[in-house]
Amino acid sequence: MLITETTPLVRAWNAAKAEIAVPIVTVGIRDALTEKSLVHETQRAIFRLPSRETIHFVQGWITAKHIASQRPSYVNGLLIHSRGQDADVSCTQCNEKRFKNALGPFVTCRILPGSYHNSCSNCKWFDNTSSCSLYTGPKPNRKRKAKDQLPPPPAAGVGPPSTIL
């Protein structure tokens, strides 16, 4: 059987599929971020690396208020995206968001090899670095951190008398 665009099942499939257009915004990154606006020396060093002139992001995700806030995760996400390279394979977080049609701020999953433990720009934007499947740094030990924040147990013989007989 010869299958062409006029085959009934092909026509039905093409009529039923709905491709969602993603509104994209382009920004001149060198105009949006300046070296003087960067707070940390690591950010300034990365800023000096070769950069794309423009980056593309999903409309509504990045605003002038985000940039003006100078929140490190926002700035670092922009630096990764403008200086990095597309990941060979998208991270799990990016794939899950794409599957749900809930993209993050950046259209592609991009990393800056050797920086930020290879976390992608979308995960870094959300300050969710250690949850990125591309992350190569140490995994945080949240149980130890919580335990370290607890007050020390009372010393023997100190505290209220026991009422247990």
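What you are looking at is a predicted structure, and each value in this text was computed from that prediction instead of being measured. These values consider heavy atoms only, across backbone and side chains, with no hydrogens, waters or symmetry-generated copies.
Between His66 and Trp61, the distance from one ring center to the other does not fall under 6.0 angstrom.
The hydrophobic clustering, which links ILVMFWY residues whose side-chain heavy atoms are closer than 4.5 Å, places Val107 and Leu79 together. Val39 and Phe47 fall into different hydrophobic clusters, where Ile, Leu, Val, Met, Phe, Trp and Tyr side chains are chained together by heavy-atom contacts under 4.5 Å. Hydrophobic clustering (side-chain heavy atoms under 4.5 Å, transitive across Ile, Leu, Val, Met, Phe, Trp, Tyr) keeps Phe126 apart from Tyr135. Residues Val25 and Ile67 fall within the same hydrophobic cluster, defined by Ile, Leu, Val, Met, Phe, Trp and Tyr side chains chained together at heavy-atom separations under 4.5 Å.
Of the inter-residue distances, the one linking Ile46 atom CD1 with Glu35 atom CD reads 12.0 Å to the nearest 0.5 angstrom. For the atom pair Gln85 CD and Cys109 SG, the distance stands at 11.5 Å (nearest 0.5 Å). Atom OG of Ser90 is separated from atom NZ of Lys97 by 12.0 Å, given to the nearest 0.5 angstrom. The distance from atom CD of Gln59 to atom OG1 of Thr26, rounded to the nearest 0.5 Å, is 11.0 Å. For the atom pair NZ (Lys124) and NE2 (His81), the distance works out to 16.0 Å, reported to the nearest 0.5 Å. The structure places CZ of Arg110 at 8.0 Å from CD1 of Ile55, a figure rounded to the nearest 0.5 Å.
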message: As a quick check of understanding, evaluate side chain to side chain donor-acceptor pair (under 3.5 Å) for Ser73 and Arg71, giving each step before the final call.
response: CA-CA 6 Å; Ser73 65; Arg71 179 176 164 176; 2.8 Å; yes
task: Using the side chain to side chain donor-acceptor pair (under 3.5 Å) rule, take Ser131 and Asn128 through it: C-alpha gap first, then chi angles, then the decisive distance, then the call.
output: CA-CA 6 Å; Ser131 294; Asn128 205 12; 3.1 Å; yes
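The shortest heavy-atom contact between Asn122 and Cys94 is ND2-SG, 3.4 Å. Shown here for Pro105 and Phe57, the closest heavy-atom pair between the two residues is O-CB, 3.0 Å. When every heavy atom of Arg83 is checked against every heavy atom of Ser51, the shortest pair comes out as NH1-OG, 3.3 Å. Nearest heavy-atom pair across Val58 and Gly104 is CG2-O, 3.4 Å. Of all the heavy atoms in Leu134 and Ala87, the pair that sits closest is CD1-CB, 3.7 Å. Residues Thr108 and Ser121 share a closest heavy-atom pair of O-OG, 4.1 Å.
Between the side chain of Ser82 and the backbone N or O of Leu78, at least one donor-acceptor pair lies under 3.5 Å. Looking only at distances, a side-chain donor or acceptor of Gln43 sits under 3.5 Å from a matching main-chain atom of His40.
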Please list every donor-acceptor pair under 3.5 Å in which a side-chain atom of residues 111-120 meets a protein atom from a residue at least two apart or in another chain.
unit_1, atom_1, unit_2, atom_2, d
Tyr116, OH, Asn76, OD1, 2.9
Asn118, OD1, Gly114, N, 2.9

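Salt-bridge annotation for Arg48 and Glu41: present, with a side-chain N of the basic residue lying under 4.0 Å from a carboxylate O of the acidic one.
Applying the 6.0 Å contact sphere to NZ of Lys139 captures more than 12 heavy atoms from other residues, nucleotides or ligands.
In this structure, the side chains of Arg52 and Ile29 stay at 4.5 Å or more apart for every pair of heavy atoms. A heavy-atom distance below 4.5 Å is not found between the side chains of Asp127 and Tyr74.
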